[in-house]
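See below for the structure under consideration.
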Amino acid sequence: MGRQEAAAQYGAALKQGRKTYHDCVLRGRYPYPQVLDEIISEAMVAGQMDLGVVEIPIDQIKGTKTAGRRTAFAADFMPLLEPDTEFAGKWMDLCQAHLGDEGIRDPVRCFEYLGRFYVQEGNKRVSVLRSYGAPVIPGYVTRMVPVWSEDPEIQAYYDFMESYPKTRLYRVRFSRAGSFQKLQKALGYEPDHVWSDDERRRFTAGYTYFQEPFRKLGGGELPITTADAMLVWLKVYGFDELLSLPAAELAKSIKAVWADVKALTEPIDVKTDAPEAKDGGLLGRLFKGKPSHLNVAFVSDQLPEQSDWARAHDLGRQYLEAVLGDRVSTQVFNGVRPGGDAEAAMEEAIANGAQLIFAVTPPLIGACRKTAAQHPDVRILNCSVSMPYAGVQTYYSRIYEGKFIAGAIAGVLSREGRIGYVASSPIFGVPASINAFAQGVQLTNPGARIILRWSCVEADAMADLARQGVSLISNRDIPTPDRIREPWGLCRVEGGKFRSLASPYWHWGNVYTNLVRSVLGGGWDALGPRGNQAVNYWWGMNSRAIDILLANDLPEGVRQLAEILRRGIIDGSIQPFPQATTEEVLHMDRLHECVEGAIPGYEELLPMARSIVRLQGVYRESIPPEKEDPIL
């Protein structure tokens with residue numbers, strides 16, 4: 001390469017550097033490379049690690065180690081000094097070397113902090129290679145380990161440090177802790193799998209291929225990493241598919257999950273009140289006008305004759321048909337396995353005209369997401385809570401409101417001040433139910449204690465409490481108001497048998513009727529139209545999604561107390577957790593001080609309970625995914 005060509009390259013780089021400088025000034029941003037010594041102090045660093053020579057992604061080089069020479073470069077490392085300076089001459093020398101026979105061989109020296117690199121030696125080498133669009137540059141790297149804190153960025157970085165020995169790639173950076181384990185699963189690897197050179201090259205090729213359309217769609221403006229977005233995409237599509245898709249089809253597939261990508265930047269919108277059906281309004285993206293009829297499909301991985309949960313939802317479907325008559329028709333797909341079978345069932349439902357699909361168990365979330373990406377005009381809802389997807393809305397009930405009333409009843413009836421509570425699994429909403437029950441007990445019997453057991457840990461927890469002499473025990477809730485033969489809800493132990501006194505119950509028929517009526521009335525947008533935010537419907541007594549069933553022989557004064565509390569919850573004058581936000585209630589992971597017991601760890605759970613905890617557990621983000629689980 002001749003000097004004239006090197007001078008032309010410098011001129012182009014200088015033009016870009018001046019543009020970057022002026023753009024930064026206009027936007028109020030620092031116009032030069034950041035200086036690491038000015039960003040961190042000794043108190044922020046727990047130690048240093050020498051990593052040897054690393055292939056450094058050039059776009060992750062953000063500044064210099066010290067302040068020297070920083071004004072020679074714009075923030076993007078493009079030069080700012082005139083072409084006749086000594087600096088420019090050396091820059092052109094490196095330019096000639098880069099395209100000559102020898103190339104730029106010497107690695108730069110960098111310090112790395114929180115995934116960003118700061119050059120100690122080799123600023124001009126970085127500048128030259130960046131001007132040519134080189135994706136990486138070799139460098140001796142010293143990692144500055146940040147002091148641990150609860151800051152999400154620090155937690156994500158510590159997760160990255162743990163994963164780096166397996167990948168040896170700085171490109172694989174996530175903004176949330178726990179994401180790397182999900183990537184391992186998405187790629188078909190075991191959690192501790194160490195990538196081979198071929199696997200590293202293959203992933204890098206796929207990552208680079210994905211990055212361009214992601215950035216063209218505006219990904220560079222989002223406060224997430226390319227790896228974050230790629231993981232969202234991999235939850236619907238496969239990595240082999242990424243490598244085989246034509247560029248146009250890849251861009252189309254990214255657009256199909258774009259709402260879920262952007263949802264990473266927004267909190268989940270938890271809606272606690274059912275909408276009012278109206279005779280008018282817009283149906284958003286589902287319909288162009290108000291429909292007179294709606295085709296609704298129900299999909300379950302269980303059979304109603306074998307599962308009380310599936311039976312409760314099927315009764316809800318029957319209630320929907322009875323209330324709305326010929327304004328609605330339903331399709332039923334029961335006993336389909338999560339994964340391919342569920343996807344096939346949903347595809348069949350859509351082929352048969354389904355406009356709205358209810359998947360009634362959390363394990364179907366993976367099939368819901370894949371189907372939603374393929375059919376953006378079909379509304380798909382999954383019966384679960386706290387799912388971070390904009391493409392699939394979720395619904396559940398605030399059963400803790402009924403537990404509060406049951407607790408107040410238990411407090412009145414307790415003689416010895418020891419009340420048992422058998423919880424199901426440590427999933428979202430269950431700690432709230434335990435604490436709401438405790439709040440109710442404290443309302444009527446401030447000195448009482450709650451003895452907590454978990455059915456997901458011991459199969460015969462209720463009988464064990466009875467053997468200990470506990471005479472009042474809160475068992476699992478009644479799924480439907482017609483199932484009163486078994487010891488549901490709050491029970492009294494009498495002669496070795498359990499007699500049900502009061503139990504919250506779900507009314508899925510009201511949930512489905514409210515949702516479908518809103519659509520038929522032209523108010524789909526009131527339910528939360530598809531956008532960039534995940535929507536969870538979490539309805540309670542005021543939406544008639546739950547209620548409480550009382551035994552006929554319950555003392556009249558106790559019945560009146562229960563009715564006062566029920567009406568207060570419905571009108572909002574009584575709240576089990578008056579000082580807590582909806583988000584805090586949903587994600588409770590601590591127990592009331594009057595509760596004797598603890599939330600069990602994952603390793604303590606019975607095998608049959610582990611799958612639901614992986615999907616809906618209060619600590620699900622800390623559980624490494626397994627191959628058979630959907631990637632959340």
Side-chain angles (χ1 to χ4, degrees), residues 9-95 97-98 104-134 136-147 149 151 153-154 157 161 170 173:
Q9 183 70 13
Y10 186 84
L14 177 62
K15 182 178 180 180
Q16 177 60 46
R18 288 173 173 171
K19 180 179 184 300
T20 299
Y21 177 90
H22 289 298
D23 287 347
C24 288
V25 171
L26 287 173
R27 290 174 170 79
R29 300 174 182 170
Y30 188 66
Y32 304 111
Q34 298 290 324
V35 177
L36 182 61
D37 288 348
E38 297 175 354
I39 295 173
I40 64 173
S41 64
E42 290 185 8
M44 298 168 63
V45 179
Q48 298 184 12
M49 296 175 60
D50 289 328
L51 302 182
V53 177
V54 172
E55 280 200 342
I56 303 170
I58 279 191
D59 59 1
Q60 289 177 227
I61 298 177
K62 301 299 182 183
T64 60
K65 174 65 168 62
T66 62
R69 278 294 192 186
R70 66 173 162 184
T71 57
F73 302 97
D76 60 356
F77 269 89
M78 291 299 97
L80 292 175
L81 302 184
E82 294 295 335
D84 58 355
T85 60
E86 180 184 1
F87 169 91
K90 292 180 178 179
W91 197 99
M92 293 179 213
D93 290 340
L94 287 170
C95 191
H98 172 58
I104 297 177
R105 294 183 176 180
D106 294 336
V108 300
R109 291 188 178 272
C110 283
F111 284 79
E112 178 259 312
Y113 181 71
L114 291 177
R116 306 174 188 96
F117 294 86
Y118 301 87
V119 183
Q120 184 179 35
E121 297 176 11
N123 293 320
K124 287 188 286 293
R125 278 171 274 171
V126 171
S127 181
V128 169
L129 290 175
R130 195 160 189 167
S131 76
Y132 282 102
V136 296
I137 184 172
Y140 293 101
V141 174
T142 300
R143 176 182 289 162
M144 310 287 280
V145 180
V147 173
S149 77
D151 183 289
E153 183 180 19
I154 300 296
Y157 184 77
M161 288 196 294
Y170 260 96
R173 292 291 316 284

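On a predicted model such as this, the values are computed, not experimentally measured, just so you know. Reckoned from all heavy atoms, side chains included, excluding hydrogens, waters and symmetry mates.
Geometrically, K65 does not engage Y118 in a cation-pi contact, judged by NZ or CZ lying under 6.0 Å from the ring centre and within 45° of the ring axis. At least one test fails for R70 against the ring of Y32: distance under 6.0 Å to the centre or angle within 45° of the axis.
At a threshold of 4.5 Å between non-hydrogen side-chain atoms, the residues V145 and V45 do not count as touching. At a threshold of 4.5 Å between non-hydrogen side-chain atoms, the residues V54 and L51 count as touching.
Counting only distance, with no hydrogens or angles, the side chain of R125 and the backbone of D106 share a donor-acceptor pair below 3.5 Å. The backbone N or O of G115 sits less than 3.5 Å from a side-chain atom of Q60, completing a donor-acceptor pair.
Between V147 and A46, the shortest heavy-atom contact is CG2-N, 3.8 Å. What you find for V136 and P57 is that their closest heavy atoms are CG1-CA, 4.1 Å. Closest heavy-atom contact between Y10 and L81: OH-O, 2.6 Å. Across all non-hydrogen atoms, the minimal contact from G63 to F77 is O-CZ, 3.4 Å. Between C95 and V128, the closest heavy-atom pair is CA-CG1, 3.9 Å. Nearest heavy-atom pair, P79 versus A13, reported as atom, atom and distance to 0.1 Å: CD-CB, 3.6 Å.
Donor-acceptor pairing under 3.5 Å is recorded for the side chains of Y170 and E112. For the residue pair T66 and D37, no side-chain donor N or O sits within less than 3.5 Å of a side-chain acceptor on the partner. Using modelled atom types and a 3.5 Å distance limit, the side chains of Q9 and S131 yield a donor-acceptor pair.
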Salt bridge (Lys or Arg N to Asp or Glu O under 4.0 Å) between K90 and E86, intermediate numbers included: CA-CA 6 Å; K90 292 180 178 179; E86 180 184 1; 3.3 Å; yes
side-chain contact (heavy atoms from CB on, under 4.5 Å) between R109 and V119, worked out: CA-CA 6 Å; R109 291 188 178 272; V119 183; over 6 Å; no
Trace of the side-chain contact (heavy atoms from CB on, under 4.5 Å) decision for C24 with T20: CA-CA 6 Å; C24 288; T20 299; 4.2 Å; yes
Verdict with supporting geometry, H98 and L94, side-chain contact (heavy atoms from CB on, under 4.5 Å): CA-CA 6 Å; H98 172 58; L94 287 170; over 6 Å; no
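Atom-to-atom distance recorded for R130:CZ and I61:CD1 is 7.0 Å, nearest 0.5 angstrom. In this structure, SG on C110 lies 4.0 Å from CD1 on I56, to the nearest 0.5 angstrom.
Sparse packing is recorded around OH of Y140, with 12 or fewer heavy atoms of other residues, nucleotides or ligands lying under 6.0 Å away.
Between R173 and E153 there is no salt bridge, since no side-chain N of the basic residue sits under 4.0 Å from a carboxylate O of the acidic one.
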